[in-house]
Amino acid sequence: MNSFKHIFNTYDWDEVYDSIYNKTSTDVEIAFGKSKRDLEDFKSLVSPAGMAFIEPMAQESHERTRKRFGHTMQMYAPMYLSNECQNICTYCGFSLTNDIPRKTLSDAEIIQEAEFLLNKGYKHILLVTGEANKIVGVDYLEHVIQLLRPYFTNISIEVQPLSEEEYRRLKQVGLYATLVYQETYHRVTYKIHHPKGKKSNFDFRLETPDRIGSAGLHKIGIGALLGLEDWRTDSFFTALHLKYLQKKYWKTKYAISFPRLRPFSGGLEPKLAMTDADLVQLISAYRLLDEDIELSISTRESAKFRDHIIQLGVTSMSAESKTNPGGYSVENESLEQFEISDERTTAEITALLKQQKIEPVWKDWEKAW
Ligand code: SF4
């Protein structure tokens, strides 16, 4: 298969790193002055030199977002179905060797969770599982999508990478989008943080968005776990991946998320801390690179930060999220995948958005199948 891997392999991490860190304020000025930017401009915008331009970048990001998306914010909720996992990932509470109670929701519990979220207003749902093929493989996912389809207008998944054929199967029963994060595009660092399990195969994960695109899913979400490696270089590779996918699978929509490494019990410290200002710079740089891309922010981020960022380029957000299976309504002892930072209720977030003259969108008819 002719995939992103072939393009990716022509790049050298250290060279990309150096070219970003060597950008000057003149490079940033040139990039900022353009109306249509390329990946070289993106490097300038995310570079340390770009930080001096953060205010005009954020302003342009705000204006472009309002022009393209209006005064709206797409709302979604994650639903964790299972914390079973066969992988070791150094940064995750569900990692195989963590001695935690494991749980996979029954059909009745899934419906209970669905009803809880429906009552809060959610019509877009993101189903999340660990990677345990025998317990939460494609048969299980197909069954859950069929079970939930009458409840939600838009069902997405963030689960183990699947084959093209398996994505096709899930599309047929109503799957709308798949999110798959590379975590880091640095091969050596990737191996350190994914030492065991199917996820330790860097190339298989790297080629997953190609399989999703070939299967014809409506939307693909990509990103890196910010903090595992240099966030600027990882974000360049995410942007490179995005531009490749957009060209090849041009009918598909794309979304980028910005998960920053969050603590879990016994957790990992970021190699390179990313400040709030860094994240504003990055979000603005993506918006200046691409007007159409959906930019998503989760409850990993603090309430204070989210209050500010909702005007600066973000187009979709979650609220009141739980990151353990059954976390909304099912009594159980399962541990969360990572700590939530913004714990405000959906009603509080809705009120905040309205106060900022942004209309929360619960159901996107255009996206309905
Ligand atoms: S990040 Fe995903 S694959 Fe890794 S341990 Fe956590 S649930 Fe499993």
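Only this structure's heavy atoms are used, side chains among them; waters, hydrogens and symmetry mates stay out. Residue numbers start at 1 and run along the sequence shown. Counting starts at 1 for both ligands and their atoms, following the listed order. Worth saying up front: this structure is predicted, and the values here are computed from it rather than measured.
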Report, in ascending order of atom number, the atoms of ligand 1 lying under 4.0 Å from any heavy atom of Gly130.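 Checking each atom against Gly130, I get 7 (S).
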
Give the numbers and elements of all ligand 1 atoms closer than 4.0 Å to a heavy atom of Glu131.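 In order of number, 3 (S).
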
Residue His6 excluded, over 12 heavy atoms near NE2 under 6.0 Å: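 Yes.
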
Heavy-atom proximity to atom 5 (S) of ligand 1, best of Ser95, Ala132, Gly93: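 Checking each option, the heavy atom nearest atom 5 (S) of ligand 1 is found in Ser95.
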
From Cys89, does some N, O or S atom reach closer than 2.8 Å to atom 4 (Fe) of ligand 1?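 So Cys89 does bind atom 4 (Fe) of ligand 1 by this criterion.
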
Nearest protein heavy-atom contact for [atom]: which residue, which atom, what distance?
atom: atom 6 (Fe) of ligand 1; value: Cys92 SG, 2.3 Å
atom: atom 3 (S) of ligand 1; value: Asn87 ND2, 3.4 Å
atom: atom 2 (Fe) of ligand 1; value: Lys199 NZ, 4.0 Å
atom: atom 8 (Fe) of ligand 1; value: Cys85 SG, 2.2 Å

Can you name the nearest heavy-atom pair linking Pro161 to Tyr167, along with the distance?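 Nearest heavy atoms, Pro161 then Tyr167: CA-OH, 3.6 Å.
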
Cation-pi check for [Y] against [X]: NZ or CZ below 6.0 Å from the six-membered ring centre and within 45 degrees of the axis, yes or no?
X: Lys43; Y: Phe236; result: yes
X: Arg232; Y: Phe42; result: no
X: Arg211; Y: Phe204; result: yes

May I ask you to check whether Tyr254 and Asp292 show a side-chain donor-acceptor distance below 3.5 Å?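 Side-chain D/A pair, Tyr254 to Asp292: absent.
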
